[in-house]
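Structure first, then comments.
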Protein chains: 2
Amino acid sequence: MKTPENPHAGSTTAPARAPRGTLSRGAIVDLATKIMDKDGVEAVTVRRLAKELGVRPMALYTYFRSKDDILGAVYSDLLSRLELPDSPEAGLAGVREVVHAYFHLLIEHSALIRLNIANDISNAGDLKVSEAIYALLLQAGLERKDAVGVAAALMRFTLGSASLYPARHNWDADADYWSRVKESLRTLPAERYPALRSFGDDLPEFTQEQVFAYGVDAILDRFEG
Amino acid sequence: MKTPENPHAGSTTAPARAPRGTLSRGAIVDLATKIMDKDGVEAVTVRRLAKELGVRPMALYTYFRSKDDILGAVYSDLLSRLELPDSPEAGLAGVREVVHAYFHLLIEHSALIRLNIANDISNAGDLKVSEAIYALLLQAGLERKDAVGVAAALMRFTLGSASLYPARHNWDADADYWSRVKESLRTLPAERYPALRSFGDDLPEFTQEQVFAYGVDAILDRFEG
DNA sequence: ACCTGAACACCGTTCAAGT
DNA sequence: ACCTGAACACCGTTCAAGT
């Protein structure tokens, strides 16, 4: 009775073979992005992608050579969506804009950081960001040497800021969290941590956003007006 | 013939049970560090650690609750070895020293970055670095608000610099690599990448070390005598 | 071209058991 | 207390095979 012609004969019918059009690079990248944002990069597995796409694991290998290849595509895709001001007259204000946009992209998809670190400069998305920053810096009148130094410093500062963001952003609007931090600073041994202890009583508050702006200002200020 | 009393009867003798003293937290941490430096964090597996220590995988769980616990111990151990100048009179020069020492620790054990990102502030090693920086900044006369902003900016810039280091340090002393970068910049489409292209002809050279120093200067200079 | 089944060589970890 | 065996529920990927 259990023949291919009579698939309903048993309750243990084999799962239907997925039709031809189910998969595409875009569908895979979109789902990988969604999983990454929700549960982190480590949750992005070939097997889970396949399952949620209604397909067997090996099907993905028609579209990507490896899992790393998929993650690379996720990174490029997100970077390509980054909207950059293309008026090179914006000057240093424009640089701030680009760098903030990049920062926000990184923290909205916080797992991007780990992908970025493995990447090389040849990535088209990175190139776009670099081009925008260099064009604006040169337009603003910086010497080539300073342009390179400033651009490199901004990239590094932005990456570092984004990498600490997930562990720090809880403090941002939570007065409770903030006072617990002060409390824990006050419990530090006085001989070994005199400076940190003093911040237990008087701790200037910064949101992560403000820390980021502070650093960008520090790097750019000396070229201002 | 193959009885427990006669273990040499066959050539497939069971491997000897490891004696009691073979393992310790220190031995595990040291080996994990060695593997991490040689082959990266992803090469640090419980099974490999066990094999190279001459022991079965489960033996490690007497000393650590989980693999993450082992990696956390590696991070703490390395940070605790960091030598910090403990003269708070050193001022901003002392800050530079601390930050450079931290940078070098991170790039010498380049996989540390990925560990750091997951960590929290309560780590004793991080505390030591923070204390040193804050003490020096306050001693140098910075307002508390600036001390927090500068310390946060330096930490973030240092982390970002260290995270890009592995992908960039090849350029440092390799004129060949450098000219290949310039060559590839020259092949970029002129309309989309005018600024980057211009660097194909005239690219100010920076080692990673110099980029790092440039950024630290940018952040600290405005507080300099 | 696109999707699948089975298998390989790995993971971290639990649980119960030896010494 | 310290080390082990077996098993569980996972990985990414190769290779040969279906449609």
Side-chain angles (χ1 to χ4, degrees), chain A residues 2-5 7 12-32 35-36 38-75 111 114-115 118, chain B residues 2-5 7 10 12-29 31-32 35-36 38-75 111 114-115 118:
Chain A
K2 269 160 109 183
T3 71
E5 286 78 23
T12 58
T13 318
R17 190 186 174 97
R20 283 226 154 191
T22 16
L23 240 42
S24 70
R25 283 180 67 94
I28 296 168
V29 167
D30 287 349
L31 179 59
I35 295 175
M36 188 184 84
K38 192 161 159 274
D39 300 325
V41 233
E42 62 283 352
V44 181
T45 69
V46 175
R47 288 170 139 97
R48 174 161 172 192
L49 286 169
K51 187 170 221 172
E52 299 195 12
L53 287 165
V55 113
R56 305 287 138 185
M58 283 314 299
L60 305 198
Y61 286 80
T62 319
Y63 300 89
F64 292 97
R65 282 195 320 286
S66 68
K67 184 190 162 179
D68 277 355
D69 203 17
I70 297 177
L71 292 177
V74 168
Y75 181 75
R114 303 203 200 172
L115 300 184
Chain B
K2 269 159 111 183
T3 70
E5 287 77 23
T12 57
T13 317
R17 190 186 175 94
R20 283 222 154 193
T22 14
L23 240 42
S24 69
R25 282 180 68 95
I28 295 168
V29 167
L31 179 59
I35 294 176
M36 186 184 84
K38 190 162 161 272
D39 299 324
V41 232
E42 62 283 351
V44 181
T45 69
V46 175
R47 288 170 139 96
R48 175 161 172 193
L49 286 169
K51 187 170 222 172
E52 299 195 12
L53 287 164
V55 114
R56 306 287 136 186
M58 283 314 299
L60 305 197
Y61 286 80
T62 319
Y63 299 88
F64 292 98
R65 281 195 319 285
S66 68
K67 184 190 162 177
D68 277 355
D69 203 17
I70 297 177
L71 293 176
V74 169
Y75 181 75
R114 305 204 198 169
L115 301 184

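Of the two residues near DNA chain D, R47(B) and P19(B), the one whose nearest nucleotide lies more 5' is P19(B).
Closest heavy-atom contact between L49(A) and I35(A): CD2-CD1, 4.0 Å. Scanning both residues, V55(B) and A59(B), for their nearest heavy atoms gives CG1-CB, 3.5 Å.
When the P atom of dT14(C) is taken as reference, atom NZ of K67(B) falls 15 Å away, rounded to whole Å. The interatomic distance linking E42(A) (CD) with dG12(C) (C1') rounds to 14 Å, in whole Å.
For R17(A), whose side chain is taken as the heavy atoms from C-beta onward, the closest listed nucleotide among dG18(D), dT13(D), dC3(D) is dG18(D). The side chain of V55(A) lies closest to dT4(C) when the candidates are dT4(C), dA1(C), dT13(D).
The nucleotide dC8(C) finds its pairing partner in dG12(D), both defining distances of the Watson-Crick or G-U wobble pair being shorter than 3.5 Å. Base pairing of dA17(D) is not made with any nucleotide, judged by Watson-Crick or G-U wobble geometry with both donor-acceptor distances under 3.5 Å.
As judged by a 4.0 angstrom heavy-atom cut-off over every strand, T62(B) is placed among the base-contacting residues. Among the atoms of the strands shown, base atoms are found under 4.0 Å from some heavy atom of A59(B). In this structure, R56(B) reaches the sugar-phosphate backbone alone: every heavy-atom distance under 4.0 Å involves primed, P, OP1 or OP2 atoms, never a base.
Straight-line distance between the C1' atoms of dC3(C) and dC15(D): roughly 15 Å, to the nearest whole Å.
Dashed line: the shortest gap from a side-chain N or O of Y61(B) to OP1 or OP2 of dT13(C) is under 4.0 Å. The side chain of T22(A) places an N or O atom within less than 4.0 Å of a non-bridging phosphate oxygen (OP1 or OP2) of dC3(C). Under 4.0 angstrom from either OP1 or OP2 of dC3(C) there lies at least one side-chain N or O belonging to Y63(A).
For a distance-only test at 3.5 Å, the side chain of R20(A) qualifies as a donor-acceptor partner of the base of dT19(D).
The side-chain heavy atoms of V74(A) and V44(A), taken from C-beta on, include no pair separated by under 4.5 Å.
Ion pairing between R25(A) and D30(A) fails under the 4.0 Å rule for side-chain N and carboxylate O.
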